[in-house]
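Report on one structure; see the data block that follows.
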Amino acid sequence: MKTQGGYTPKISGRPSNILKKIPLSSSLNIILNRNGRQYNSLVKEGQKVRIGEIIAETELSDSKEQATEKHQILVLPSPADGTVHLTVDEETDRTVSIKLLDIGFSVDKNPAAVKDPSRLTPVEARKILVKRGIWDYFWSSKTKGTPGINGETKPKAIIINTVIAEPFRTRGNVILQQFWHSIIKGMSYLPLLLADYGTVEFILTHKKDPIVKLMFKELTGKAWVKFHFVDVKYPVENPLIIDGLLRDTKVNLNPEDDIWVVDIQAVEAIGISLGKGVPISRRIVAMGGPAYPDPMHINVRIGTLLKDIIPSAVDLSSTLVLRGGLFLGTPVDPETDSVGFDDDAFFFLPVKKTREFISFVRPGIKKRSIFPTFMGKIDKDMSTQLRGELRPCIACGKCQEVCPVGLLPQIIHRYLYSDRIDEAQKMGLNSCIDCNLCTFVCTSKIELREEFARAREMLHAEREGVV
Ligand code: SF4
Ligand code: SF4
């Protein structure tokens, strides 16, 4: 498949293929927010829970399609045995996380939790995937998010993506090499979710990779599995891009056909949960960036506090930690934040502790330019702002060069800046896939992606009659 886009940042600290197992911490902290949804705790202070037990739930109702399906409940399973301590936000009086103390791991395998795909109906398969906290790993082209649970729509294709081009996120081949038996097992459940004559589409890179050859051999003869090879070009992992690539390749897909995307780590989770009876409890996470010594992948329990896994050589007072890699990462507080159900990367960036020298000649300077773009090359501490105002677009065209869907971000920005949202829409505002490349390379450090996402949210709210 011909891949669009492609951008390689010149930043050191790419995680190696080494996978290190992190020992179990004495306590875990399960944040009750997953994929932007707030979960409600189902457990009480002091309660003892077992691994795999459901500890929180929320309603799935992100879109019109999902709203038509009633009573769709997503859940969070406990990643370990432990005693519950609830953390409540004083302002909202809401439970924001469940701390597990006296941690244990009672079952390696639970034979009763093993489900053979040949003995499951499609409805049962969906219910089990939901109950085990796996459903949220799927993305649907219909809802542009988590698919509806009740089975009103079935996908014509499920894409398994192994290719992560973002250089600081968990690499597919690390998962493939370590867990390919579980992946093969996980794949055997996917036909239960498909529409009639649906297919599983495997996205890989490098036909010659030994592990890929092994998979070919294992899956030969399974007519429902198809293979595709793509170049490792960011943001090929974006579900919207993969969905588009598949539709370009397979002419028999109709625009209204639902396509689901799932990553290789999620397929492995299906394999161990349904195939081996082990509840989902860990993530493979890439730890990298210029401020991380010996960047690598780690195998870590969900809920582990970041401060428990960050090596002492990292000076947290001068390091910015981003959840989600370089391009889409958001800052986190290692003291209170922990590994979530969907995490696959933490990126460590040094922040210089320089004294503000002759600062009076640079009044209003606030935000440092930490990436190697125009200003970054001249002075790593150069600000994004001049005298407190935002820096204007200088029409350098760098954002346009990198946009993988061929938008002109600078023009959309100008329309939005002057409140001409209709014109911004005509220029493709709704086609933006949130890859953040334009923001990353922007010479003036304009938060383009954020600005576009805000505008789309506003339009969405208007359409839904919220404003
Ligand atoms: S406009 Fe959207 S799709 Fe294009 S580079 Fe920016 S964030 Fe990515
Ligand atoms: S990269 Fe930034 S400064 Fe350059 S054209 Fe795009 S928006 Fe303007």
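We use all heavy atoms of the structure for the numbers below, so side chains are in, but hydrogens, waters and symmetry mates are not. For clarity, every value in this text was computed on a predicted model and none was experimentally measured. In each ligand, atom 1 is the first atom listed, and ligand 1 is the first ligand listed.
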Can you tell me which residue and heavy atom of the protein come closest to atom 8 (Fe) of ligand 1, and the distance to 0.1 Å? C435 SG, 2.3 Å
Look at the aromatic rings of W135 and W260 and report parallel, tilted or perpendicular, splitting at 30° and 60°. perpendicular
Who passes ring-ring contact (aromatic ring centres under 6.0 Å, His included) against W180, sequence neighbours left out? none
Run the side-chain contact (heavy atoms from CB on, under 4.5 Å) check on D231 and V236 step by step: do they pass? CA-CA 8 Å; D231 299 329; V236 67; over 6 Å; no
Of all protein heavy atoms, the one nearest atom 3 (S) of ligand 1 is I433 N, 3.5 Å
Which residue owns the protein heavy atom closest to atom 2 (Fe) of ligand 1, what's the atom, and how far is it? C432 SG, 2.4 Å
Any V405 heavy atom less than 4.0 Å from ligand 1: yes
Specify the protein heavy atom at minimum distance from atom 4 (Fe) of ligand 1: its residue, its atom name, and the distance to 0.1 Å. C403 SG, 2.4 Å
Side-chain donor or acceptor of K226 paired with backbone N/O of A223 under 3.5 Å: yes
Would you say R456 and N430 are linked by a side-chain donor-acceptor pair, where the criterion is simply a distance under 3.5 Å? no
Donor-acceptor under 3.5 Å (R301 side chain, I22 main chain): no
Protein heavy atom at shortest distance from atom 1 (S) of ligand 1: F452 CE1, 3.6 Å
Nearby protein N/O/S atoms (those under 2.8 Å) for atom 6 (Fe) of ligand 2, with water ignored: C399 SG
Nearest non-hydrogen protein atom to atom 7 (S) of ligand 1, with distance, is N436 N, 3.3 Å
Sorted by chain and residue number, the side-chain hydrogen bond (donor to acceptor under 3.5 Å, both in side chains) partners of D422 (sequence neighbours excluded) come out as none
Applying salt bridge (Lys or Arg N to Asp or Glu O under 4.0 Å), which residue pairs with at least one partner in residues 242-254 are found, sequence neighbours left out? E201-K250, D243-R247
Check the orientation of Y417 and H413. Use parallel for under 30°, tilted for 30 to 60°, and perpendicular for over 60°. tilted
